[in-house]
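By convention here, the first residue in the shown sequence is residue 1.
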Amino acid sequence: MCVTAVESRPAGVALTPSPGGHRPFGARVKAFVALTKPRIIELLLITTVPVMFLAAQGVPDLWLVLTTTIGGYLSAGGANALNMYIDRDIDALMDRTSQRPLVTGMVSPRECLAFGFALAVVSTLWFGLFVNWLSAGLALGALLFYVVVYTMLLKRRTSQNIIWGGIAGCMPVLIGWSSVTNSLSWAAVILFAVIFFWTPPHYWPLSMKVKDDYARVGVPMLPVVATNQVVAKQIVIYSWVMVGVSLLLTPLGYTGWFYLSVALLAGGFWLWEAHGLQNRARAGVSGSKLKEMRLFHWSITYVSLLFLAVAVDPFLR
């Protein structure tokens with residue numbers, strides 16, 4: 001999952017530390033925090049904690065919520081740091097990533113690599129010792145999938161990158177469930193599938209906005225290799241599947257009327273926006289009038305509302 005602002009500074013222009021190589025301590029701390037991509041992790045935690053409420057059918061143990069949240073941050077942070085280490089070459093050439101710590105020189109590649117590995121080890125042990133080893137395995141699997149499968153193998157080779165790479169972003173749902181039950185269930189699998197089908201139509205509108213960035217560095221995101229009409233059609237297809245999957249929880253007995261109502265209303269508005277984007281693309285609209293970022297911003301609101309409903313629903317049944 002990615003929630004990223006588009007930078008305005010010209011691509012390829014890296015900031016450098018102050019003269020003499022001095023790097024202020026406070027700025028260094030902020031740089032290491034930035035390596036973890038906190039804004040993305042916020043969204044991952046939104047899909048973790050509510051599932052714990054559903055798994056517990058009420059309020060889960062608050063110490064467990066805390067330890068799971070900390071472990072999730074450390075694991076995702078390690079994955080993001082390793083991602084930045086691998087992508088440091090193209091990050092320096094893209095507008096929206098040109099202020100990342102490795103590009104500015106605030107953190108060295110060796111420091112970033114060590115930091116990422118350290119977080120990977122610590123987070124796995126943290127999950128195993130304070131949550132359970134099933135959750136530890138799932139977290140480590142998500143980290144390895146994001147770093148190896150998505151970043152190293154898929155991202156620069158195929159326009160299907162975000163589809164399969166998005167599996168790593170689905171794993172927090174399974175981790176949230178397993179942290180409470182030390183097992184998995186069909187409810188967790190359904191919510192995993194919701195995030196799987198949510199990820200492409202969430203990210204492709206942003207990719208449409210910054211496709212020149214990706215084209216410049218040879219990353220074949222779908223909007224780089226396909227027309228707006230094709231991308232919009234794919235967004236609509238994935239959106240319908242996502243909404244359909246989200247409705248399965250209630251007939252299978254995992255949620256009640258409240259979740260179903262939110263899923264229908266939020267999903268309906270999503271489909272309205274997705275079809276609106278497709279209609280504008282079909283009409284040949286481009287530039288700011290395409291309004292692709294409307295769906296991107298709504299996608300974040302959608303997943304927040306849906307998983308809030310997941311957390312609230314057990315109290316209303």
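Taking 4.0 Å as the cut-off between side-chain N and carboxylate O, Asp87 and Lys155 count as a salt-bridged pair. A salt bridge links Arg28 with Glu111: the closest approach of a Lys/Arg side-chain nitrogen to an acidic carboxylate oxygen falls below 4.0 angstrom. Between Arg216 and Asp213, at least one side-chain N (NZ, or NE/NH1/NH2) sits under 4.0 Å from a carboxylate O, which counts as a salt bridge.
Counting non-hydrogen atoms of neighbouring residues, nucleotides and ligands closer than 6.0 angstrom, the CH2 atom of Trp298 exceeds 12 such neighbours. Counted within 6.0 Å of CH2 on Trp133, heavy atoms from surrounding residues, nucleotides or ligands total more than 12; the atom is thus considered enclosed. In the displayed structure, Arg110 atom CZ is contacted under 6.0 Å by at most 12 heavy atoms of other residues, nucleotides or ligands. The number of heavy-atom neighbours closer than 6.0 Å to CZ of Phe269, taken from other residues, nucleotides and ligands shown, is above 12.
Rounding to the nearest 0.5 angstrom, the gap separating the CG atom in Leu222 from the CD1 atom in Ile235 is 8.0 Å. Separation of atoms CG (Asn228) and CG (Leu277) is listed at 8.0 Å; rounding is to 0.5 Å. Note: Asn132 CG to Ser178 OG = 5.5 Å, rounded to the nearest 0.5 Å. Rounding to the nearest 0.5 angstrom, the gap separating the CH2 atom in Trp240 from the CZ atom in Phe197 is 15.0 Å. For the atom pair Leu191 CG and Thr47 OG1, the distance stands at 9.0 Å (nearest 0.5 Å). Interatomic distance, Asn161 CG to Tyr203 OH, rounded to the nearest 0.5 Å: 8.5 Å.
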Test Tyr85 against Leu35 for side chain to side chain contact (heavy atoms under 4.5 Å, CB included), laying out the working first. CA-CA 9 Å; Tyr85 173 81; Leu35 288 177; over 6 Å; no
Checking side chain to side chain contact (heavy atoms under 4.5 Å, CB included) for the pair Ile190/Val245: CA distance, chi angles, key distance, verdict? CA-CA 7 Å; Ile190 290 169; Val245 171; 4.1 Å; yes
Val310 and Thr255: CA distance, side-chain angles, deciding distance, side chain to side chain contact (heavy atoms under 4.5 Å, CB included) verdict: CA-CA 8 Å; Val310 166; Thr255 56; 5.5 Å; no
Which is it for Tyr73 and Thr36 under the side chain to side chain donor-acceptor pair (under 3.5 Å) test, yes or no, and what are the steps along the way? CA-CA 8 Å; Tyr73 189 99; Thr36 67; 2.8 Å; yes
CA sep, side-chain torsions, deciding dist, call: Phe258, Phe315, side chain to side chain contact (heavy atoms under 4.5 Å, CB included): CA-CA 10 Å; Phe258 180 75; Phe315 299 99; over 6 Å; no
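Side-chain contact check for Ile90 versus Tyr214: every heavy-atom pair is 4.5 Å or farther apart. When side chains are defined from C-beta on, Val303 does not count as touching Leu306, because their heavy atoms never get closer than 4.5 Å. Annotation: side chain of Met106 is not in contact with side chain of Lys30 (no heavy-atom distance under 4.5 Å). You'll find the side chain of Leu140 stays beyond 4.5 Å of the side chain of Ser75, heavy atoms only. A 4.5 Å side-chain heavy-atom check between Val147 and Asn83 finds every atom pair outside the cut-off. Taking the side chain as every heavy atom from C-beta outward, Leu174 and Leu184 approach each other to under 4.5 Å. Between Pro200 and Gln234 there is no side-chain heavy-atom pair separated by less than 4.5 Å. In this structure, Ile175 and Phe127 have side chains that are in contact, with non-hydrogen atoms separated by less than 4.5 Å.
With sequence neighbours excluded, the residues that form a side-chain contact (heavy atoms from CB on, under 4.5 Å) with Val49 are Phe53, Val65, Thr69.
Across every non-hydrogen atom of Val103 and Arg88, the tightest pair is CG2-O, 4.5 Å. Residues Pro172 and Thr48 approach most closely at CB-OG1, 3.1 Å, considering heavy atoms. Nearest approach of Met84 to Leu102, heavy atoms of both residues: O-CD1, 3.4 Å. Between Val194 and Ser246, the shortest heavy-atom distance links the atoms CG2-CA, 3.7 Å. Closest non-hydrogen pair, Val180 versus Pro60, comes out as CG2-CB, 4.4 Å. The heavy-atom pair separating Ser123 from Gly71 by the smallest distance is CB-O, 3.9 Å.
For Tyr259 and Thr250, the side-chain atoms include no donor-acceptor pair closer than 3.5 Å. Under the 3.5 Å distance criterion, with hydrogens and angles disregarded, no donor-acceptor pair is assigned to the side chains of His202 and Trp270.
Trp272 and Val236 fall into different hydrophobic clusters, defined by Ile, Leu, Val, Met, Phe, Trp and Tyr side-chain heavy atoms under 4.5 Å apart, directly or through other members. Side-chain heavy atoms closer than 4.5 Å link hydrophobic residues (I, L, V, M, F, W, Y) into clusters, and following such links, even through other members, never connects Ile162 to Val230. Connection of Leu125 to Leu66 is established within a shared hydrophobic cluster, with ILVMFWY side chains joined at heavy-atom distances below 4.5 Å, either directly or through further cluster members. In the hydrophobic cluster analysis, where Ile, Leu, Val, Met, Phe, Trp and Tyr join through side-chain heavy atoms closer than 4.5 angstrom, Met242 is grouped together with Val189. Tracing side-chain contacts under 4.5 Å through hydrophobic residues (I, L, V, M, F, W, Y), one never reaches Leu265 starting from Trp257; they form parts of separate clusters.
For the pair Thr67 (side chain) and Leu64 (backbone), a donor-acceptor distance under 3.5 Å is present. A donor-acceptor contact shorter than 3.5 Å is absent between the side chain of Asp313 and the backbone of Ala309.
For Trp198 and Tyr302, the distance between ring centers is not under 6.0 angstrom. Ring centroid separation for the pair Trp164 and Phe196 comes in under the 6.0 Å cut-off.
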